[in-house]
Student: 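Right, I'll just put the structure down here and ask away after.
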Amino acid sequence: MVTTRFAPSPTGHLHIGGLRTALFNYLYARSCGGRFHLRIEDTDLDRNVKEATEAILKAFKWVGLEVDGEILYQSKRLDIYKRYIQQLLDEGKAYHCYMSKDELETLRETQRAQGLTPRYDRRYRDFKGTPPSGVAPVVRIKAPLSGEVRFKDGVKGEVCVQAEELDDFVIARSNGVPTYNFVVTIDDALMEISDVIRGDDHLSNTPKQILLYQALGFKIPNFYHVPMILNESGHKLSKRDGAMGVMDYKALGYLKEALLNFLVRLGWSHKDQEIFNLQEMKKFFNPKDLNSAPSCFSPHKLEWLNSHYLKESPADSLKELLVDFELPSGFNTLSPAQQDTLLEALKSRVATLKEMASEVSRVLNAPASYALDKLKNKAQALEVLKTLIACLSEKDFSSVDSLDVALHALMAKMGLKAGALMLPLRIALLGEAGGIGVKETLFTLGYQTSLERLRAFLAL
Ligand code: GLU
């Protein structure tokens with residue numbers, strides 16, 4: 001069974017690169033009826049694990065990634081790791097090394113001075129003597145002295161490292177705490193992870209982990225090392241480019257559908273399709289289609305996708321989503337039909353929910369100023385608006401269609417082109433020449449408010 005995992009080190013929040021890794025693993029498991037696990041890599045005990053885990057779960061919940069089974073915490077598994085360390089010691093596949101930090105540093109300096117790559121000289125590998133007293137030893141793995149470690153990465157292709165380059169690396173520190181590569185290997189093996197999709201910053205760890213799989217007799221999973229996300233100028237993504245926490249995107253008014261769609265396309269493709277709903281992602285995702293070139297974070301593309309999903313959202317969902325944003329109090333006093341009309345009119349004009357909320361305010365708050373310079377014929381505009389006030393009745397406001405009929409009747413009566421009516425009307429109602437449709441604005445504001453705004457404008 002395909003079993004994948006997301007294994008974050010708890011760092012406070014889940015950033016979008018992390019979410020992309022999680023998403024790829026999640027989708028692969030879901031695409032073939034497999035399992036997706038979450039493992040918190042918290043052996044670095046001083047960090048605030050609880051909060052960080054909650055932040056990850058909160059982000060998962062928002063975007064809808066469900067985890068199978070219990071969440072695993074490495075900090076609770078130290079006994080398990082120690083057992084396997086003991087096993088390797090007992091089998092002679094690992095050994096205690098009593099070299100002090102200072103000795104190791106002196107050795108490295110000498111090697112550097114000789115133009116050699118600094119590395120541990122394996123002096124305790126076959127040590128049979130009496131260990132120096134007062135030194136708490138580290139445990140090192142006996143790496144093969146020759147040959148190579150080879151694996152086929154699903155993204156990078158064939159990877160080959162000379163065994164001698166791997167050194168007899170430390171698997172347990174002198175305080176007994178196992179090292180990163182060791183715990184990852186034990187956990188992935190015991191969790192029966194079949195496929196590891198992770199950032200290519202971990203590529204250099206993989207040969208070491210493979211040596212451990214081999215030493216422990218575990219089955220080696222498939223690896224996929226995904227290139228980083230770069231900004232548009234080809235550099236590492238910084239906060240300013242958008243390397244923010246996942247929940248920051250929610251607060252900015254991005255829809256989870258847009259964010260997931262955006263992330264899945266950062267490094268993965270399926271034919272030339274750009275728009276994927278979650279169902280389609282689960283159906284089509286295959287790590288074989290991961291790209292080996294770094295992907296580029298384009299804020300415009302995220303906005304474009306968000307606009308797309310906003311347009312697709314019915315007014316009812318928009319209302320629910322807008323609960324997290326500040327709307328003017330007047331919004332709640334509108335009738336459901338007025339609310340729907342306003343949101344339907346706005347949804348194709350904005351890129352985020354935040355923008356939508358501020359557009360709602362712009363419509364519902366009376367204009368503070370008027371773009372009078374846009375009115376070419378002011379005298380005619382005043383005339384038209386006066387006639388409009390006299391002609392419009394409360395009944396015309398019963399629907400957008402009835403307003404349409406009333407406005408057309410007025411244009412016919414006065415022999416006006418559409419612009420000669422709509423432009424002054426729009427400026428009187430909203431203060432500006434642009435914005436949502438005039439009929440929709442009138443309907444949203446209702447008879448009383450519309451007339452108040454027209455009178456206020458004429459009184460100027
Ligand atoms: N804990 C590692 C990280 O957050 C990931 C380890 C892995 O995926 O193997 O970068």
Side-chain angles (χ1 to χ4, degrees), residues 2-29 34-57 59-60 65 67-68 71-78 80-81 84 149 151 153-156 159 161 169 171 177-213 216 218-229 236-237 243-246 263 266-267 287 290 294:
V2 166
T3 306
T4 63
R5 48 60 160 190
F6 177 53
S9 307
T11 54
H13 65 209
L14 180 63
H15 58 87
I16 52 152
L19 181 60
R20 181 185 68 155
T21 305
L23 178 65
F24 287 164
N25 282 288
Y26 169 80
L27 292 177
Y28 188 32
R35 293 178 68 74
F36 169 66
H37 295 293
L38 178 60
R39 178 173 82 224
I40 305 296
E41 307 218 306
D42 57 347
T43 45
D44 215 351
L45 295 166
D46 359 319
R47 305 238 185 103
N48 197 338
V49 176
K50 193 159 173 273
E51 258 170 43
T53 309
E54 271 162 17
I56 292 165
L57 291 178
F60 269 35
L65 297 194
V67 174
D68 295 311
I71 302 170
L72 228 80
Y73 293 86
Q74 288 188 327
S75 57
K76 295 186 186 156
R77 294 166 62 79
L78 288 174
I80 301 176
Y81 308 134
Y84 283 99
V149 181
F151 68 98
D153 187 89
V155 178
K156 305 278 173 185
V159 179
V161 178
F169 56 91
I171 57 173
V177 177
T179 55
Y180 169 75
N181 281 313
F182 190 78
V183 297
V184 168
T185 305
I186 298 291
D187 285 341
D188 282 340
L190 298 185
M191 291 164 80
E192 298 180 6
I193 302 301
S194 63
D195 295 82
V196 172
I197 307 175
R198 62 185 170 200
D200 65 3
D201 47 333
H202 289 288
L203 187 62
S204 62
N205 289 321
T206 307
K208 292 185 183 171
Q209 293 174 13
I210 287 178
L211 282 188
L212 294 171
Y213 279 100
L216 292 155
F218 288 143
K219 186 168 184 293
I220 301 171
N222 301 315
F223 291 102
Y224 302 85
H225 287 94
V226 192
M228 300 213 244
I229 305 173
K236 193 169 175 249
L237 208 59
M244 296 180 293
V246 169
L263 290 177
L266 283 179
L290 288 167

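Heads up: numbering here begins at 1 and tracks the sequence. For the numbers below, each heavy atom of this structure counts, side chains included, while hydrogens, waters and symmetry mates do not. Every number for a ligand or one of its atoms is a count from 1 in the order of the listing.
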Student: Parallel, tilted or perpendicular: which fits the ring planes of F60 and F36, with parallel below 30° and perpendicular above 60°?
Tutor: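 If you compare the ring of F60 with that of F36, the planes turn out parallel.
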
Student: List the atom of D187, the atom of Q74, and the distance in Å for their closest heavy-atom pair.
Tutor: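 Looks like OD2-NE2, 2.9 Å.
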
Student: If you measure every N or O of R39 against every N or O of ligand 1, does any of those distances drop under 3.5 Å?
Tutor: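 R39 vs ligand 1: no N/O contact under 3.5 Å.
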
Student: Answer yes or no: does an N/O atom from D201 fall short of 3.5 Å to an N/O atom of ligand 1?
Tutor: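 The answer is no, given that D201 and ligand 1 share no N or O pair closer than 3.5 Å.
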
Student: Give a yes or no on this: more than 12 heavy atoms of other residues, nucleotides or ligands lie within 6.0 Å of atom CE of M228.
Tutor: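 For M228, atom CE is not crowded (no more than 12 foreign heavy atoms under 6.0 Å).
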
Student: So which heavy atom in the protein is nearest atom 7 (C) of ligand 1, and how far is it from that ligand atom?
Tutor: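 Heavy-atom neighbour on the protein nearest atom 7 (C) of ligand 1: R5 NH1, 3.2 Å.
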
Student: Of all the atoms in ligand 1, which lie at a distance below 4.0 Å from a heavy atom belonging to P8?
Tutor: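 Every atom of ligand 1 under 4.0 Å from some heavy atom of P8: 1 (N), 4 (O).
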
Student: Which residue supplies the protein heavy atom nearest to atom 5 (C) of ligand 1, what is that atom called, and how far is it?
Tutor: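 That would be A7 O, 3.3 Å.
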
Student: For G199 versus H225, what's the shortest heavy-atom pair and its separation?
Tutor: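 Shortest heavy-atom contact: O-CD2, 3.5 Å.
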
Student: Which distance, rounded to the nearest 0.5 Å, do you find between the OH of Y81 and the CG of L78?
Tutor: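 Result: 7.0 Å between the selected atoms.
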
Student: Kindly say whether H37 contributes a backbone atom to a donor-acceptor pair with the side chain of D68 at under 3.5 angstrom?
Tutor: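 Here the side-chain-to-backbone pair does not exist.
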
Student: Against ligand 1, does Y180 come closer than 4.0 Å with any heavy atom?
Tutor: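 Contact check Y180 vs ligand 1: positive.
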
Student: Check ligand 1 against S9 and write out every atom of the ligand that is under 4.0 Å from a heavy-atom position of the residue.
Tutor: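 Numbered from 1, ligand 1 contributes 1 (N), 2 (C), 3 (C), 4 (O).
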
Student: Please work out which of Q209, H202, E41 has its closest non-hydrogen atom nearest to atom 3 (C) of ligand 1.
Tutor: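 Of the listed residues, H202 has the closest heavy atom.
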
